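Have a look at the structure below before the remarks.
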Amino acid sequence: MISRIDLRGNALPEGGALRDLLPRAEFDVEAALEKVRPICEDVHHRGTAALIEYAQKFDGVELAQVRVPAEALAAALEQLDPAVRAALEESIRRARIVHRGQRRTEHTTQVVPGGTVTEKWVPVERVGLYAPGGRSVYPSSVVMNVVPAQEAGVESIALASPPQKEFGGLPHPTILAACALLGVDEVYAAGGAQAVAMFAYGTEECLPTNMVTGPGNIWVAAAKRYFTGKIGIDTEAGPTEIAVLADSTADPVHVAADLISQAEHDPLAAAVLVTDCAELAEAVERELEPQVAASKHVHDRIKPALAGKQSAIVLVDSLEDGLKVVDAYGAEHLEIQTADAAAWAARVRNAGAIFVGPWAPVSLGDYCAGSNHVLPTGGCACHSSGLSVQSFLRGIHIVDYTRDALAEVTHHVVTLAEAEDLPAHGAALKARFGWKVPTV
């Protein structure tokens with residue numbers, strides 16, 4: 001059901017050589033880019049008409065308009081299962097606690113007497129958020145996108161989710177209810193690359209945004225790449241990943257259940273166990289069989305994901321080697337199920353989010369830990385972070401110098417400007433002092 005990679009017996013290679021030994025899903029954004037380019041440009045030139053046509057072509061629905069009516073949002077909230085509403089409200093409450101703590105404050109540094117640099121934090125003015133709607137419905141992604149944007153102070157928030165034939169061309173009603181709970185009233189029935197293009201270019205119904213965030217399929221990722229430079233993006237999200245670093249103290253029932261929990265997302269989802277304990281590896285393999293059989297999405301998602309080249313049990317000689325492996329892998333979600341799990345978690349350098357010990361499974365983070373589940377995939381955790389309040393803020397430096405403070409440093413500025421053969425840079429200072437370098 002799941003393959004093995006045995007890295008025992010020899011010194012582990014470094015850097016890229018180690019990464020090349022590890023499982024990874026094939027996710028060719030560059031190839032998809034050429035297919036989304038004409039879609040994006042069609043939305044640019046035809047606006048809403050193009051979006052309506054793509055809803056018919058890709059989603060099998062006929063739309064009169066793309067924006068979701070206010071009454072549909074209100075009705076979705078009114079009809080929401082009370083238990084689901086209570087769970088969403090708790091998810092929102094916990095996410096607000098965590099993200100409110102991420103707010104930045106203005107800070108002024110006195111560099112020299114009379115010379116200060118202040119860093120102020122300004123939220124992005126308008127953002128477009130994407131909530132997937134393919135194999136599953138993700139109201140949790142609405143929470144994870146909207147809450148940090150709101151806590152950052154973003155004034156204008158729009159959200160898009162694919163139209164659903166089952167619901168008369170509207171996004172899934174639980175998506176709409178989550179938007180209503182969060183106070184987001186600008187919602188669009190648009191999916192895929194065309195939704196990203198709507199946010200980037202704007203249409204008759206939707207003003208352009210400064211930024212687009214949120215997970216999606218390969219077409220969403222490709223459209224984000226296409227518009228990089230025109231708008232801000234969070235990340236080119238690929239298939240979801242879980243890695244588990246475990247030793248002999250781990251419970252194979254827990255480990256198997258957690259691997260399956262991510263495998264049920266998508267046949268390309270990655271489930272990786274890294275362990276120094278062959279007995280645990282064997283126990284997890286045995287445990288996968290009955291747990292998979294008892295699951296819902298067995299043949300279309302879980303089995304293909306676990307059997308795919310992106311999933312494996314990786315055997316190592318020691319937890320030290322295991323730590324090198326998980327750092328090289330850079331998982332979206334990394335569980336540490338070892339003795340002294342907190343100490344090992346503290347040493348991890350590359351992961352989107354780290355889950356410590358047996359009582360912090362990835363599923364908790366997906367919904368109600370308070371953390372954000374929009375995280376870097378495909379090894380991007382070595383250079384990128386998950387979605388946060390910071391994602392929606394821009395740091396701006398404010399430079400304030402007096403005459404004396406400028407005079408004191410002018411000779412250094414002139415010297416550096418002339419060293420770079422940019423004498424006009426120095427002249428801009430000398431002009432303020434009668435074209436002479438002041439002596440202080």
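Worth saying up front: this structure is predicted, and the values here are computed from it rather than measured.
A donor-acceptor pair shorter than 3.5 Å can be found between the side chains of E41 and Y226. Side-chain atoms of N145 and T213 include a donor-acceptor pair closer than 3.5 Å. Checked by atom type, the side-chain pair D247/T249 shows a donor-acceptor distance below 3.5 Å.
Within the 3.5 Å criterion, the main-chain N or O of A271 finds a donor-acceptor partner in the side chain of S311. Side chain of R19 to main chain of G379: no donor-acceptor pair is present (N/O by atom type, distance under 3.5 Å, no hydrogens or angles). Proximity of a side-chain donor or acceptor of D276 to a complementary backbone N or O of V316 within less than 3.5 Å is not detected. Side chain of E332 to backbone of E241: a donor-acceptor contact under 3.5 angstrom is found. Counting only distance, with no hydrogens or angles, the side chain of E335 and the backbone of V362 share a donor-acceptor pair below 3.5 Å. Formation of a donor-acceptor pair under 3.5 Å by the E205 side chain with backbone atoms of V66 is found in this model. Of the possible polar contacts, none joining the D258 side chain to the S261 backbone as a donor-acceptor pair under 3.5 Å is found. Without hydrogens or angle criteria, S91 side chain to Y367 main chain gives a donor-acceptor distance under 3.5 Å. The main-chain N or O of E151 is found under 3.5 Å from a side-chain atom of R103 such that the two form a donor-acceptor pair. For the pair S156 (side chain) and R126 (backbone), a donor-acceptor distance under 3.5 Å is absent.
By the 6.0 Å contact criterion, CD on Q110 is enclosed, its count of non-hydrogen atoms from other residues, nucleotides or ligands being greater than 12. Annotation: E62, atom CD; neighbour count of heavy atoms from other residues, nucleotides and ligands within 6.0 Å does not exceed 12. In the displayed structure, E125 atom CD is contacted under 6.0 Å by at most 12 heavy atoms of other residues, nucleotides or ligands. Within a 6.0 Å radius of CD in E119, more than 12 heavy atoms belonging to other residues, nucleotides or ligands are found. For R432, the CZ atom sits in a loose shell: 12 or fewer heavy atoms of surrounding residues, nucleotides or ligands are nearer than 6.0 Å.
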Apply the test salt bridge (charged side-chain N to carboxylate O under 4.0 Å, His left out) to residues K120 and E106: give CA-CA distance (whole Å), side-chain angles for both, the deciding distance (0.1 Å), then the verdict. CA-CA 5 Å; K120 72 171 183 176; E106 185 175 294; over 6 Å; no
Given side-chain hydrogen bond (donor to acceptor under 3.5 Å, both in side chains), test Q164 with E166 step by step and report yes or no. CA-CA 5 Å; Q164 306 288 316; E166 182 182 354; over 6 Å; no
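Looking only at side-chain heavy atoms (C-beta outward), V43 and C40 stay at 4.5 Å or farther from each other. Between D366 and S140, the closest side-chain pair of non-hydrogen atoms is not below 4.5 Å. Considering only heavy atoms from C-beta on, V437 comes within 4.5 Å of K430 through its side chain. Inter-residue side-chain proximity for L80 and L88 is flagged as met; some heavy-atom pair is nearer than 4.5 Å. Between H99 and Q150, every side-chain heavy-atom pair lies at or beyond the 4.5 Å cut-off. Between L181 and L77 the shortest side-chain heavy-atom distance falls below 4.5 Å. Considering only heavy atoms from C-beta on, Y401 comes within 4.5 Å of V112 through its side chain.
Taking the charged nitrogens against the carboxylate oxygens, K324 and E320 have no contact shorter than 4.0 Å, which rules out a salt bridge. At a threshold of 4.0 Å, the pair R94-E90 counts as salt-bridged, since one of the basic side-chain nitrogens sits closer than that to a carboxylate oxygen. Using a 4.0 Å cut-off between a side-chain N of Lys or Arg and a carboxylate O of Asp or Glu, K224 and E236 do not qualify as a salt bridge.
Between F227 and Y201, the two ring planes are perpendicular [angle over 60°; tilted spans 30° to 60°]. Ring geometry for Y138 against H265 counts as parallel: the plane angle stays under 30°, on a 0 to 90° scale with 60° as the upper cut.
V244 pairs in a side chain to side chain contact (heavy atoms under 4.5 Å, CB included) with only one of the listed residues (L273, T275, I336), which is L273.
Both the sub-6.0 Å distance and the 45° axial angle are satisfied by R24 relative to the ring of Y329.
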